[in-house]
Amino acid sequence: MMFVWPISIYYEDTDAGGVVYHSNYLNFFERARTQWLKAMGVRQAQLLAKDIAFVVKHADIDFRKAAKFEQDLLVESKVVELKKASLVFHQRLVDHQGDCYCEATVVVACISLSRMRPRAIPLNIVQEFDSAR
């Protein structure tokens, strides 16, 4: 299963030429992952209160085409690997015709925030992501 989240390109996302600044693609992907958790009923503030956080461990990103000011695009996200303490996402920024602007493989680790050490992903989240694959 794929989670799709709409993204609008605002002026603040762009450089002086109206082209999305390269680091903002990672922000778009982050927002989509956060929205996916919210759609599953998982609130990150509640996780933080339980000393649980998700952090990006690695990102491999491929910039394919420049996204520009005032475009309405979609972030497609899917889990391609689910481990005890990490998830691997494949994410793409596409237009409504399916043309890809950027894609990334993002490894997200689950950690104990107070210890900054890996910890098991909560079972309810594992079950949700597992059923989405």
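Both backbone and side-chain heavy atoms feed into the values below; hydrogens, waters and symmetry mates do not. In this text the structure is predicted, and so the values were computed from the model without any measurement.
Taking CZ of Phe89 as the reference point, atom CZ of Phe129 lies at 4.0 Å (rounded to 0.5 Å). Considering NZ of Lys65 and CG of Leu93, their distance stands at 11.0 Å, rounded to 0.5 Å. In this structure, OH on Tyr101 lies 14.0 Å from CD1 on Ile7, to the nearest 0.5 angstrom.
The salt bridge (Lys or Arg N to Asp or Glu O under 4.0 Å) search around Arg64 returns Asp62, Glu103, not counting sequence neighbours. With sequence neighbours excluded, the residues satisfying side-chain contact (heavy atoms from CB on, under 4.5 Å) with Met2 are Val4, Glu76. Residues satisfying the ring pair (Phe, Tyr, Trp, His ring centres under 6.0 Å) test with Tyr21, not counting sequence neighbours, are none. Under the rule for a side chain to side chain donor-acceptor pair (under 3.5 Å), Asn124 has no partner lying at least two apart in sequence or in another chain. Taking the side-chain contact (heavy atoms from CB on, under 4.5 Å) definition, one finds that Ala104 meets it with Phe29, Ile61, Val106, sequence neighbours left out. Under the rule for a side-chain contact (heavy atoms from CB on, under 4.5 Å), the partners of Gln127 that lie at least two apart in sequence or sit in another chain are Leu123. Looking at residues two or more places apart in sequence or on another chain, you find a salt bridge (Lys or Arg N to Asp or Glu O under 4.0 Å) between Lys83 and Glu81. Not counting sequence neighbours, the partners of Asn24 by the side chain to side chain donor-acceptor pair (under 3.5 Å) test are Asn27.
In this structure, the side chains of Thr14 and Val19 stay at 4.5 Å or more apart for every pair of heavy atoms. In this structure, the side chains of Ile111 and Met116 come closer than 4.5 Å at one or more pairs of heavy atoms. You'll find the side chain of Pro118 stays beyond 4.5 Å of the side chain of Ser86, heavy atoms only. Proximity of Pro6 to Asp72: side-chain heavy atoms (C-beta onward) are nowhere separated by under 4.5 Å. Side-chain contact between Ile121 and Leu82 is present, with at least one heavy-atom pair separated by less than 4.5 Å.
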Please output the side-chain donor-acceptor pairs of residues 43-51 that fall under 3.5 Å, not counting sequence neighbours, one pair per line with the distance.
{"residue": "Gln44", "atom": "NE2", "partner": "Thr34", "partner atom": "OG1", "Å": "3.3"}
{"residue": "Asp51", "atom": "OD1", "partner": "Leu113", "partner atom": "N", "Å": "3.3"}
{"residue": "Asp51", "atom": "OD1", "partner": "Ser114", "partner atom": "N", "Å": "2.7"}
{"residue": "Asp51", "atom": "OD1", "partner": "Ser114", "partner atom": "OG", "Å": "3.3"}
{"residue": "Asp51", "atom": "OD2", "partner": "Ser112", "partner atom": "OG", "Å": "2.7"}
{"residue": "Asp51", "atom": "OD2", "partner": "Ser114", "partner atom": "OG", "Å": "2.9"}

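Within the structure, salt bridge (charged side-chain N to carboxylate O under 4.0 Å, His left out) pairs that include any residue of residues 22-42 comprise Glu30-Arg33 (at least two apart or interchain). Identified under the ring-ring contact (aromatic ring centres under 6.0 Å, His included) test for residues 37-85, with sequence neighbours left out: Tyr11-Phe69, Tyr25-Phe63. Annotation: salt bridge (charged side-chain N to carboxylate O under 4.0 Å, His left out) contacts involving residues 114-123, sequence neighbours excluded, are absent.
Hydrophobic clustering keeps Phe3 apart from Leu74 (ILVMFWY residues linked when any side-chain heavy atoms are closer than 4.5 Å, directly or through intermediates). Note on Trp36: it clusters hydrophobically with Trp5, by side-chain heavy-atom contacts below 4.5 Å among ILVMFWY residues. Hydrophobic cluster membership differs between Val20 and Tyr10, with clusters built from Ile, Leu, Val, Met, Phe, Trp and Tyr side chains linked at under 4.5 angstrom. Put simply, Val42 and Val56 are part of the same group of oily side chains (I, L, V, M, F, W, Y) that touch within less than 4.5 Å, one to the next.
Met40 approaches Glu128 most closely through the heavy-atom pair SD-CB, 3.0 Å. When every heavy atom of Ser77 is checked against every heavy atom of Gln91, the shortest pair comes out as OG-NE2, 2.9 Å. Nearest heavy atoms, Cys100 versus Val94: CA-CG1, 4.0 Å. Contact between Phe28 and Val75 at its shortest, heavy atoms only, is O-CG2, 4.0 Å.
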